[in-house]
Structures are given as structure tokens and as C-alpha cells.
Amino acid sequence: MAKKLKDYYDLECAKLLAGKIHQYCPEFDQKGFVQTLEKTLPGKEFFARQDVFADAFENYLVNNYVENIKIFTDLLGPELTEAKGMFIHGWWLWPIGRYIERHGVKDFDLSMAFIYELTKRFTGEFAIRPLIAQRPKKALQIMLKWSKDDSVHVRRLASEGVRIRLPWAKKSLVALNEFELYKRILAQLKSAPEKFIQKSVGNNLNDLMKEQPEKAREIIDEWQKDSPTKETLWIIKHGLRNQKG
């Protein structure tokens, strides 16, 4: 029987994270951290487990967001070098992303910088949503720069993070409220060679088509007039996959 996603975030994951934190924060009570999770994880579903981990971070790390981000940055490990492996190699980072999702608005700039680094190893698509809600224009200006980054994972986040209907996340209307910036981000990625990114951009168009189809058509019409590449045509097709006719 295949292992369920929730089952990766178990006692062994607690021990793994505790050991990594203790390496960079010797005063961290890794025994207490693990014992707490041993008591609270059983019977929890996936997102409830992420919250249990985040609760434990709050209880056992120092009450200083800047210091905690320093610890988390130190333990991230090597960057992914290709457009895969985020769940194979970086799966254990999800609880850290959940902690950032909860507390990131305490320091916008620091949190955006950390999410940039996190995304090179895993994904920051959930952690970044509260920051986008807090300062939408500034967040999208940063993500426009990310859309040109050397890391394929950072470029993907520039698209995935601004989706209106990102699965498992609260609906976001930043795409509508900051439409010109949003358009520029997608345009920067419309000929991305990586299917990993193409799917994300196409999903953006699909989300937009459900919310305000005229805006999705505006983007598609502009792209179709500009000698679209085969990658752009695939993205458009993917974005229109739920349309009839």
C-alpha cells in the first residue's frame, strides 16, 4: 500500500527536524520537541499535522522570529539543480513553510528572502500567500524579478504563488487587483521550456478564466498576436482546457 502524504510527517520526521535544528541551535530541547509531537501527531490528518509541527516550533524555539529564520536558513541544505525533486528531497521542509505561513507577516522583507531560499529546495507557494495579501504590489514586484531567476523553482513560484485558486490555499484576488504586474509575470514565463513552469502558467490562465474570462482572453489575445512559441501555445491550450468548443 502506498504511503499517504500525511504519514511522512510522523515521529521520524519530528526526530529529523529536531536533529537539524539542534545542530544550529544547541540549546534547542529536541527531546521535548519530539515527545510533544509523539503525543500530538497520532490521529491527525495532513494539514492538522503541519499545524502540530508549527505549534511545536512556536513552543520550543525562542520567541524571536529573526533568530528562528536564521536557524531555518542554516538547515536548508543544498539547492535542487533541476525541475524535480522538491517532494522527493525537500518534503521534510513543509512544516517550516507552515511556520512561515503563520508568522511571515511579522517581517515582510526577511520572510520573502527566506521563501526565496526555501523555494530552491522545496516550495514557498503556501508560505508566500499571506505576504502577498499583506503587501500585494511589493510582493508582485519582487516576484516579477523572480520570474527571471536562474532557479527553475523560483521562476515557477513567481507563477504558482499568484494563482487565484491555488489548491489547498485560500483564494487570492491579487491577480485581478494588480493585473498589470500579474500580466508581466506570466508574460515573462510564457515561453518557459520547462513543463513544470508551463503547467503553472496554464493553471493561472485556467483560474483566471473561471474568475474573469475577459482578462484571461486579454492575455491570450496579446500572446497570440506576438508570434507565439510552441511553449506558449501549449500553455494557452492548457489554460483553456475546461472551455467548450
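Because the structure is a prediction, the values reported are computed rather than measured.
In this structure, Ser200 OG and Glu160 CD are separated by 3.5 Å, a value rounded to the nearest 0.5 Å. Asn204 contributes atom CG, which lies 9.5 Å from atom CG of Leu166 (distance to the nearest 0.5 angstrom). Once rounded to the nearest 0.5 Å, the distance linking OH of Tyr60 with CG of Asp29 reads 6.0 Å. Summarising the geometry, atom CH2 belonging to Trp223 is positioned 11.5 Å from atom CD belonging to Glu218; distances are rounded to the nearest 0.5 Å. Interatomic distance, Gln198 CD to Ser191 OG, rounded to the nearest 0.5 Å: 9.0 Å. The distance from the CG atom of Leu189 to the NZ atom of Lys148 is 10.5 Å, given to the nearest 0.5 Å.
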For this session: Take His238 and Asn203 through the test side chain to side chain donor-acceptor pair (under 3.5 Å) and record every step on the way to the result.
Result: CA-CA 7 Å; His238 191 61; Asn203 286 337; 3.1 Å; yes

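Counting non-hydrogen atoms of other residues, nucleotides and ligands closer than 6.0 Å to CG of Asp221 gives a total above 12. More than 12 heavy atoms of other residues, nucleotides or ligands sit less than 6.0 Å from atom NZ of Lys44. More than 12 heavy atoms of other residues, nucleotides or ligands shown are found within 6.0 angstrom of NZ on Lys106. Residue Lys145 places its NZ atom among 12 or fewer non-hydrogen atoms of other residues, nucleotides or ligands, all under 6.0 Å distant. Shown here is Asp150, whose CG atom has no more than 12 heavy atoms of other residues, nucleotides or ligands within 6.0 Å. Open room surrounds CZ on Arg184; 12 or fewer heavy atoms of other groups in view lie less than 6.0 Å from it.
Judged by a 6.0 Å distance limit and a 45° cone about the ring axis, Lys199 is not positioned over the six-membered ring of Trp234.
Salt bridge Lys195/Glu231: absent, no basic N to carboxylate O contact under 4.0 Å. Taking the charged nitrogens against the carboxylate oxygens, Arg165 and Glu211 do have a contact shorter than 4.0 Å, which makes a salt bridge. Looking at Arg98 and Glu101, a side-chain N of the basic residue comes within less than 4.0 Å of a carboxylate O on the acidic one, giving a salt bridge. With respect to the salt-bridge test (charged N to carboxylate O, under 4.0 angstrom), the residues Glu12 and Lys15 qualify. Here Arg163 does not pair with Glu125 in a salt bridge; the nearest charged N to carboxylate O distance is not below 4.0 Å.
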Identify each donor-acceptor pair in which a side-chain atom of residues 108-116 lies under 3.5 Å from a protein atom, sequence neighbours left out, and give them as a table.
from   : atom 1 : to     : atom 2 : distance (Å)
Asp109 : OD1    : Lys138 : NZ     : 2.9
Ser111 : OG     : Tyr65  : OH     : 2.7
Ser111 : OG     : Gly104 : O      : 2.7
Ser111 : OG     : Asp107 : O      : 2.9
Tyr116 : OH     : Asp149 : OD1    : 2.7
Tyr116 : OH     : Asp149 : OD2    : 3.4

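One hydrophobic cluster, built from ILVMFWY side chains closer than 4.5 Å, cannot hold both Phe72 and Val62; they sit in different ones.
For residues 172-205, the set of pairs meeting the ring pair (Phe, Tyr, Trp, His ring centres under 6.0 Å) definition, not counting sequence neighbours, comprises His153-Phe196.
Considering only heavy atoms from C-beta on, Ile21 stays 4.5 Å or farther from Gln30 through its side chain.
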